[in-house]
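Written out below as structure tokens is the structure these notes cover.
In this chain, numbering begins with 1 at the start of the sequence shown. Computed from a predicted model, the values in this text were never measured in an experiment.
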Amino acid sequence: MSIVLVQAQVVVALSSQEVENIGREITVRIVDSQNPIVSGSGVLIKHSGNTYTILTAYHVVKDSSKYEIITPDQKSNQVKSVKRLSGADLAVVEFNSSNNYKIAKIGNSDKATASTTVYVAGFPVQRGAIPNPTLFFNKGQVQANGAAQGDGYNIIYDNDTLGGMSGGPVLNEQGEVVAIHGRADEQTINELSQTKIVTGLGITIYSALRQLSAVGVDVGVRPPDVVAAAPKADDFFITAKEKEKNRDYEGAIADVNQAIKLNPNYAEAYKLRGRIRSFSLRDGQGAISDFNQAIKINPKDAEAYVLKGLALPFVVNADKTPGRNQFIKDIQEQIADFSQAIKVNPNYVNAYLARGSKYYLLANLPEFRNTPLASEHAKAAIADYTQIIKINPDDPLGYKIRADALNNFGDWKGAVADYNQLLKFNPNAGDNYGLRGFARWKLGDKKGALEDLNQALKINPKDRFLYGFRADIRALLGDKQGAITDYKQAIKQRSSSVVIFLPIEFPSDLDYVNAILKINPNDPEAYKIAGQTRLQQGKYKEAITDFDKVLTINPNDAEAYAGRGASRYKLGDKQGALADLTQAIKINPNHGEAYINRGGIRAELGDTKGGLEDLNQALKINPQDATAYNNRGAARYFSGDKQGAIEDFSQAIGINPNNANAYKNRGNIRAESGDKNGGIQDLQKAAELFQRQGNNESYKKTLELILKYQ
């Protein structure tokens, strides 16, 4: 027979240490035996004979892996069975053991309401900072406990949690289990400061118990029967969070309004509405009002002060004086809010992150550069980042932002020390090798810098900046050929992202070309790259000069003839362009781009037959060249073959759906041929693409065509 839970009339809160001791006795680690870095947590809820039953999150054990249970005495036990609970991210796991382990005491999860204290226990996954995970135990408060949403989650709390803690117990102040931790919901609210709001999502123990009987598990406790009731404030808060996640901001605010109506002292609801107003809807004044109300309800809420400070830039106030003075004044006001957050909670990492980022910004402002104030702000930023490391010495975040700041402020030795620590956390972080290399170079250790850049490029072989930086060092060390090779590789990686976080100007292709020519003034490849770059920039005369230099050094360079031909065409010299393109084809009969350009010019000059021959040849060389189809479509149009032209433009669009010219050409012909609706649709698509690509001239001309056919 099940026993109905009866709550004691007098409830005495235990100390945090006492609750932690209980958590250590009832929490287990669940590990994939074939991949130990894949792990989760669970809580012991039943013991019958030699069989122990664990309650955990289903996603911890959902894969068909061989799981092991690591019990509080560090014994390893094979999993006997796994059963999922219907409609929720919950599972029960069984294992056999003759040892005696403590079983969790079930608490009244209905009493775990907003602002009550809870603790989350669990084992973080293995990582650089935590090679041998021990129990992580953290205190926080419930934000809402209400109706279940996705995966059955129905309780939200502000405890900090780490990956691997999923499935661990959420305990009340009596050391009783009131929920099972599911996952962390992380929201970045400020990229510059890397400030994040992290909330925990779980499933209350009563919700879990109602599902356990369905899989034949009786833990001796029966939750109260569910009584239908009108939605309460917590219910609206939870649905508002779900709507915010789905970017239904107006719907989320409507639900928060209902929550506040039902509970006017619901501080978390004011904070949620303030966050949505400021960071999603850019209503800074409304957000500040909400955060002030949350602070009025709870003056010791550090998060509310941080959120208020971060919302300040979104405030539009007629009394504000526009300009740099107001900008600096706003930053100082933000710092005051973040300092207040630190005053009420000296261990609140987000406050140090936010304040440190503002000091960092002030230190780099032109107004303060090379003044004592810049030095003061720099020291303040470093002090805040150092405090983050003191609070969380096993978290790489503090080391990372301090290392980058030290690099920026010129403390190369300090930066190297922090990057050394970061590479202990993660030996495969290519950006940290690159940044340490930069600091080593500044310290005069060119060989050490080169070693770091070699390692960084093994990890990030497409990083443009790293190639250029390594080329500079190779040149200084006398490796001229290696430097040239790296400069050319840097040029090749035009579209790669740069990972370096330093206030430096990144070299352009022409900067790299000049560096090559400084080493070797007769490098035809460098002049050719310069010509191609200037051709793309619309500097056609300069491009011709560059291609001339290539051809002086190497008279048989087909690329140089093709580039000079394209430049001549742009300057209106069509005959000169034809001569250069013909020479390019003579040297390289498979030069598809030369055929495309020559074919287009021939057709434009009235030689549609010759133009089509060239374009057909280009498509033999590369049947997937959208430009060739586009140009052949134009040639067919000039010859009177409108249907063939439409087919070619359609082929070009099929290969490259962003080919604005093909849409424009096809739309023009369709409209001319009587299909005005189809033509206008194509022209509208072309206009949209031209606008997105920043081609304003073509955009305007396409709009004129649309007006013509409407």
Side-chain angles (χ1 to χ4, degrees), residues 129 160 186-198 275 278-279 291 301-314 327-369 371-419 421-422 425 429 431-432 435 438-439 499-504:
D160 286 335
E186 186 176 282
Q187 180 185 10
T188 299
I189 58 174
N190 188 277
E191 292 287 353
L192 178 63
S193 67
Q194 300 188 51
T195 309
K196 297 176 181 177
I197 297 294
V198 181
R275 285 205 335 256
S278 56
F279 309 123
F291 296 137
D301 189 336
E303 183 181 83
Y305 288 106
V306 169
L307 290 169
K308 179 186 172 187
L310 292 174
L312 188 64
F314 304 120
F327 174 67
I328 294 170
K329 186 179 177 182
D330 284 348
I331 293 174
Q332 292 168 338
E333 191 175 334
Q334 288 180 288
I335 287 174
D337 280 328
F338 304 145
S339 297
Q340 186 62 32
I342 290 167
K343 184 177 179 180
V344 300
N345 182 358
N347 291 316
Y348 188 43
V349 168
N350 268 346
Y352 291 104
L353 282 168
R355 191 174 71 176
S357 73
K358 295 304 171 183
Y359 281 133
Y360 180 92
L361 178 59
L362 288 174
N364 284 289
L365 288 181
E367 289 90 337
F368 301 134
R369 196 168 294 153
T371 70
L373 272 177
S375 179
E376 287 179 25
H377 293 319
K379 287 178 182 176
I382 297 299
D384 278 344
Y385 298 151
T386 300
Q387 192 61 31
I388 293 168
I389 294 170
K390 287 181 180 178
I391 296 168
N392 288 333
D394 292 329
D395 190 335
L397 175 61
Y399 291 99
K400 176 61 176 170
I401 57 178
R402 188 175 72 176
D404 290 345
L406 290 170
N407 231 347
N408 175 70
F409 296 138
D411 183 352
W412 320 117
K413 189 175 180 181
V416 167
D418 276 347
Y419 289 125
Q421 184 62 35
L422 283 164
F425 288 131
D431 59 332
N432 289 331
L435 288 161
F438 181 86
V499 298
I500 301 296
F501 177 64
L502 292 172
I504 58 178

| query | Step by step, would you call Ile401 with Tyr360 a side-chain contact (heavy atoms from CB on, under 4.5 Å)? | reply | CA-CA 10 Å; Ile401 57 178; Tyr360 180 92; over 6 Å; no
Tightest non-hydrogen contact, residues Pro346 and Tyr352, listed as O-OH, 2.8 Å
Between the CD atom in Glu303 and the CG atom in Asn345, the distance rounded to the nearest 0.5 Å is 10.5 Å
Requested in this report: Side-chain contact test, heavy atoms from C-beta onward, threshold under 4.5 Å: evaluate it for Asp337 versus Leu310 and give yes or no.
Outcome: no
When rounded to the nearest 0.5 Å, the distance separating CG of Asp384 from CD1 of Ile342 is 5.5 Å
Item checked: Any donor-acceptor N or O pair under 3.5 Å, side chains Tyr419, Asp404 -> yes
Query raised in the report: Side-chain contact, heavy-atom cut-off 4.5 Å: Val349 with Asp160?
Result: no
Correct closest heavy-atom pair for Ile388 and Gly398 would be CG2-CA, 3.9 Å
Interatomic distance, NE2@His377 vs CD1@Ile382, rounded to 0.5 Å, equals 14.0 Å
Value for CD1 (Ile328) from NZ (Lys358), rounded to nearest 0.5 Å, stands at 12.5 Å
Smallest heavy-atom separation, Pro393 atom then Tyr399 atom, equals O-CE1, 3.5 Å
Exercise. If we only count heavy atoms from C-beta on, is the Pro313 to Phe327 side-chain gap below 4.5 Å?
Worked result: no
task: For the residue pair Leu435 and Asn407, establish whether any side-chain heavy-atom pair is separated by less than 4.5 Å.
output: yes
Taking every heavy atom of Ser278 against every heavy atom of Ala311, the minimum-distance pair comes out as CB-CB, 3.7 Å
Legend entry - Side chain to side chain, Tyr305 and Phe291, heavy atoms closer than 4.5 Å: no
*Taking 4.0 angstrom as the limit, do Asp431 and Lys400 come out as a salt bridge?*
yes
Short side-chain to backbone donor-acceptor contact, Asp411 and Gly414, under 3.5 Å
yes
Could you go through the side-chain contact (heavy atoms from CB on, under 4.5 Å) check for Tyr359 and Glu376 one step at a time?
CA-CA 9 Å; Tyr359 281 133; Glu376 287 179 25; over 6 Å; no
After noting the C-alpha distance and the side-chain angles of Asn392 and Leu397, does the key distance pass the side-chain contact (heavy atoms from CB on, under 4.5 Å) rule? CA-CA 9 Å; Asn392 288 333; Leu397 175 61; over 6 Å; no
Val344 and Asp301 have their tightest heavy-atom pair at CG2-C, 4.4 Å
### Message
Go through it in stages, so that I can follow the logic: the residues are Tyr385 and Leu406, the test is side-chain contact (heavy atoms from CB on, under 4.5 Å), and I'd like the CA-CA distance, side-chain angles, deciding distance and then a yes or no.
### Response
CA-CA 10 Å; Tyr385 298 151; Leu406 290 170; over 6 Å; no
- Task: Using atom types as modelled and distance alone, determine if a side-chain donor or acceptor of Ser375 lies under 3.5 Å from a backbone N or O of Pro372.
- Result: no
To the nearest 0.5 Å, atom OH of Tyr348 lies from atom CZ of Phe338 at 10.5 Å
Output for pair (Phe409 CZ, Arg402 CZ), nearest 0.5 Å, gives 13.0 Å
Looking only at heavy atoms, the pair that brings Ala354 and Val306 closest together is CB-CG1, 4.4 Å
